[in-house]
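Numbering starts at 1 and runs along the sequence shown. The structure displayed is predicted, hence computed values, not measured ones. All heavy atoms count here, side chains included; hydrogens, waters and symmetry mates do not.
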Amino acid sequence: MISYAECSARERLALLVDEGSFHEWLPPALKLTSPHLAQLGVPSAFDDGVAIGRAMLTGRPVFIAAQEGQFMGGGVGEVHGAKLVGLFRRALRDRPHAVLLLAESGGVRLHEANAGLVAVSEVMRALLDVRAAGIPVIVLIGGTGGCFGGMGIVARCADHVVMSDIGRLAMSGPEVIEASHGVEEFDSRDRALVWRTTGGKHRWLTGDCDALVEDDVAAFRTTAIRALGASRPVTLELLEAEHARLAARLAFEGAEATDWWAALGVADAGRVPDLDVAGVLALGAR
């Protein structure tokens, strides 16, 4: 068992796809760095924090991208976003079996302000174009940095979201909420609270992710393989069902996650944080 969370972006790429099959586009040797960071005197990365390319998964061609959470928290800037957009646009032309996004990001890179915001919006539009073309987009979330901000929205635009029990997904990160509204609103140092409200178990129980797996690269690979070729067209019925589900959540505004789980039919909801992945999946509540 190899911990997905403890791997770097490139280690995840190498272990997730068929051995030796990953071919990188715009590799670090090309030194495509962010012009904005240089102007601010901030250290850059030669891949701008994301690796993109093509690979094989059980012998089937896929396009894949992996964000490096150790570089500026996986933040999306102009070059970082352009690489993701280019990957999706090429997918429209070459039609792989799927596009995989190994997401680990705090959202928009604040150093790049509007350029980062525009980049995230372009990523969302390109992803939805790929999904509309019948090519499934699969997002894997299991890094220590989580998936927040604009990338949290990007993830929920995908066909499939796969999370580990230690993965986190949300719009605003705990530190952002605390900085904006105070520690009384959300204590970002309360790890139990953070995982109850943004962690993989919570997201699976509330239907925000499609699969919950162990913190294991092999488990992510197996689940990604199952999703190959399984696109989910964005239909009016799908959108109406999603809106109805989101509207129902308003009843739980300000409530504890355990109360939400109980309302979903989870017996003895208070024990969920102590359960392993198998135990949570056995609950059967969605």
Partners meeting ring-ring contact (aromatic ring centres under 6.0 Å, His included) with Phe148 (sequence neighbours left out)
none
What residues, two or more places apart in sequence or in another chain, satisfy ring-ring contact (aromatic ring centres under 6.0 Å, His included) together with Phe220?
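If we apply the ring-ring contact (aromatic ring centres under 6.0 Å, His included) test to Phe220, skipping adjacent residues, the hits are Tyr4.
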Out of curiosity, [X] [atom1] to [Y] [atom2], how far, rounded to the nearest 0.5 Å?
X: Leu110; Y: Met72; atom1: CG; atom2: CE; answer: 8.5 Å
X: Asp268; Y: Arg271; atom1: CG; atom2: CZ; answer: 5.0 Å
X: Arg203; Y: Cys209; atom1: CZ; atom2: SG; answer: 9.0 Å

For [X], check salt bridge (Lys or Arg N to Asp or Glu O under 4.0 Å) against everything at least two apart and list the hits.
X: Asp274; answer: none
X: Asp18; answer: Arg221
X: Arg12; answer: Glu104

Can the positive tip of Arg90 be found less than 6.0 Å from the middle of the six-membered ring of Trp25, inside 45° of the ring normal?
yes
Under a 3.5 Å distance rule, please check whether Lys201 uses its side chain to pair with a backbone N or O of Leu275 as donor and acceptor.
yes
Is there a donor-acceptor contact under 3.5 Å from the side chain of Glu11 to the main chain of Ser8?
yes
List for me each residue that meets side-chain contact (heavy atoms from CB on, under 4.5 Å) alongside [X], sequence neighbours excluded, and say none if there are none.
X: Arg189; value: Val183, Asp187
X: Leu92; value: Asp129, Val130, Ala133
X: Ala192; value: Asp190, Arg196
X: Arg232; value: Arg131, Asp159, His160, Asp210

Check: Ser34/Glu112 side-chain N/O donor and acceptor closer than 3.5 Å:
yes
Hydrophobic cluster (4.5 angstrom, side-chain heavy atoms) - remaining members for Phe186
Ile166, Ile177, Leu193, Val194, Trp195
If the plane angle is over 60° it's perpendicular, under 30° parallel, otherwise tilted; pick one for Trp261 and His202.
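Correct class here is tilted.
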Atom pairs and distances, donor-acceptor, side-chain atoms in residues 37-57, under 3.5 Å, two or more places apart:
unit_1, atom_1, unit_2, atom_2, d
Asp47, OD1, Gly49, N, 2.9
Asp47, OD2, Arg10, NH2, 2.7
Asp48, OD1, Arg109, NH1, 3.0
Asp48, OD2, His80, N, 2.8
Asp48, OD2, Arg109, NH1, 3.4

Can you run down the side chain to side chain donor-acceptor pair (under 3.5 Å) pairs that involve residues 162-180, sequence neighbours left out, and say none if there aren't any?
Glu178-Ser188
